[in-house]
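Below is one structure, written out as structure tokens, with a few remarks after it.
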There are 2 protein chains.
Amino acid sequence: MNDSTNSLPDHRLICTVDIVLLTLRAGQLQVMLLKRDREPFAGALALPGGYVHASEDQDCEDAAQRVLLNKAGLQSPYLEQLASFSGPARDPRGWSVSVAYMALVPAPEPALPGQHWLPVDRLPQLPFDHGRIVAAAAERVRNKSQYSSLPVHLCPEPFTLPQLHGIYETLLGEAINPVSFRRKMDELAILEPVPGAKRAEGPHRPAQLYRLKDEFRQTLRLVGRGLNA
Amino acid sequence: MNDSTNSLPDHRLICTVDIVLLTLRAGQLQVMLLKRDREPFAGALALPGGYVHASEDQDCEDAAQRVLLNKAGLQSPYLEQLASFSGPARDPRGWSVSVAYMALVPAPEPALPGQHWLPVDRLPQLPFDHGRIVAAAAERVRNKSQYSSLPVHLCPEPFTLPQLHGIYETLLGEAINPVSFRRKMDELAILEPVPGAKRAEGPHRPAQLYRLKDEFRQTLRLVGRGLNA
DNA sequence: GCAATAGTGTCTTTGAGACAATATACA
DNA sequence: TGTATATTGTCTCAAAGACACTATTGC
């Protein structure tokens, strides 16, 4: 395998996709890692990923969806291209380009067997440059949480406003004024109340349940001037 | 050339970089196109780009810098990764991945021979999927202009605040309150006045000249709540 | 001095945050 | 009825926009 690569033209490169599948569990942003079943780094925890298959994929996003379905059993979560990572050293097989995608899901309870969810801020050393890729994804999620509806994709539906409020606070790492939060969510107009459905977490007034309007399932909406200062 | 590609492994793909070099001229966001000197699409105007060379490039950004230097004579303009574009049909040579970069420069006057600057909003049909790539770059510049210091990279130094103000207005396509604009630029603290240097454009009070502080030449700074509403 | 744009001071308006009041569940 | 959280109304404060005033040049 190594010999054959040397004879390939200089511009035919290893092309892969890597998926940073994120969720919020135990009050932390967590990433899903899988134990690699082949070399290189067999046995190590790493991002789900794989070669782009020129013969079957329509584009890299298509490859990402395929990986997501095969390795995580996910049909169509929120998915966006993150960035591409490249270089001679990131993959021991040779000069490679990886187009990284970020996917968001509500916390799967319990985790599927074989899936390892780890907090993005306390990861062990990861193979390839997966550490950098996860860091980029975490940064983007936290950044976009400041001014967009992104975090709704981390919340299991239906959800209450206080619940979503908590998710934003966790991601941003700071308190958000509850009144402003309601005002903003109202402006965004991406949520619809589930008629009659309420949920109480204890001996107190139950909260209205909401779900995401269908047309925003793959779209984001931006908040006028951000969520807080 | 076509036969050889068929025998390559499925995951060894054509990898290129494409550069969307943007500037502001004649009050318009313009993109630099070059006449292609080889197939495919020889003779057509297209984005500067080229194969990633596994043997010389440290990563795709490196390849982008190389292309920028060789084809546009640019040393180190503002450069950021835009996104990757891929698929079986975008390049007639076969399934390909292009990592697109966006570069910003102050308007070069006069344009170098061979460089064609065209307004991004009135482009002819471009080869490959270069139309889409340019559209993505234009969208990103306009978007980032709403809340960051990005547009300073389009302004020839030294510049006056009214000049920079005009650039923001052009990019955003709407008026910006001059008082707020000054306040914001002041907050950002990325500009320094050139001591004693002023410029008058006519029979009136001359404006103070500014330059970008060196530490922000490749960095962006975000504005607290955006530049306007 | 006149015209024209640069730059500043201050009032008005808008929207975010604080706080208080009301609503509604379970015990 | 008591407690706890949901939800709403209203006041306060900070920042953006409008406007008016001063500054500085060439003519």
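As the structure is a prediction and not an experimental result, all values here were calculated from the model. Note on naming: letters A, B, ... go to the chains in the order of the sequence lines (proteins, then strands), and numbering restarts at 1 for each one.
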Rounded to the Å, how far apart are A:Q163 CD and D:dT7 P?
12 Å

What is the distance from CE of B:M185 to P of C:dT8, rounded to the nearest Å?
15 Å

Length of the CD1-P vector between A:I176 and C:dG17, whole Å:
9 Å

Nearest to the B:E187 side chain among D:dA16, D:dT7, C:dA16, which nucleotide is it?
D:dA16

Without decimals, in angstroms, what is the distance between B:Q208 CD and C:dT8 P?
10 Å

D:dA16 phosphate, OP1 or OP2, under 4.0 Å from B:K184 side-chain N/O
yes

Only counting residues at least two apart or in another chain, list the ones meeting salt bridge (Lys or Arg N to Asp or Glu O under 4.0 Å) with A:E80.
A:R140, A:K144

Quick one: list whatever passes side-chain contact (heavy atoms from CB on, under 4.5 Å) with B:L112, sequence neighbours left out.
B:Q115

Over how many whole Å does the gap from A:R182 atom CZ to C:dG17 atom C1' extend?
15 Å

Taking only the side-chain heavy atoms of A:L161 (C-beta and beyond), determine which of C:dG17, D:dT7, C:dG7 contains the nearest atom.
D:dT7

Whole-Å distance between D:dT8 P and A:F181 CZ?
14 Å

Could you state the atom-to-atom distance from NE2 of B:H165 to P of C:dT5 in whole Å?
14 Å

Which of A:L29, A:T170, A:L150 passes side-chain contact (heavy atoms from CB on, under 4.5 Å) with A:R142? Answer is A:L29

Under the ring pair (Phe, Tyr, Trp, His ring centres under 6.0 Å) rule, what pairs show up with a residue in residues 106-129 of chain A, not counting sequence neighbours?
A:F41-A:F128, A:F128-A:H130

Nucleotides 18-27 of chain C: protein proximity per nucleotide (B base, S sugar-phosphate only, - neither; heavy atom, under 4.0 Å):
BB---BBBB-

Give the rounded distance in Å between these two atoms: CG of A:D186 and C1' of D:dT7.
12 Å

Which residues pass the side chain to side chain donor-acceptor pair (under 3.5 Å) test with B:Q58, not counting sequence neighbours?
none

Run the salt-bridge test on B:D186 and B:R183 with the 4.0 Å N-O cut-off and return the result as yes or no.
no

Tell me which pairs pass ring pair (Phe, Tyr, Trp, His ring centres under 6.0 Å) where either residue lies in residues 182-210 of chain B, with sequence neighbours left out.
none

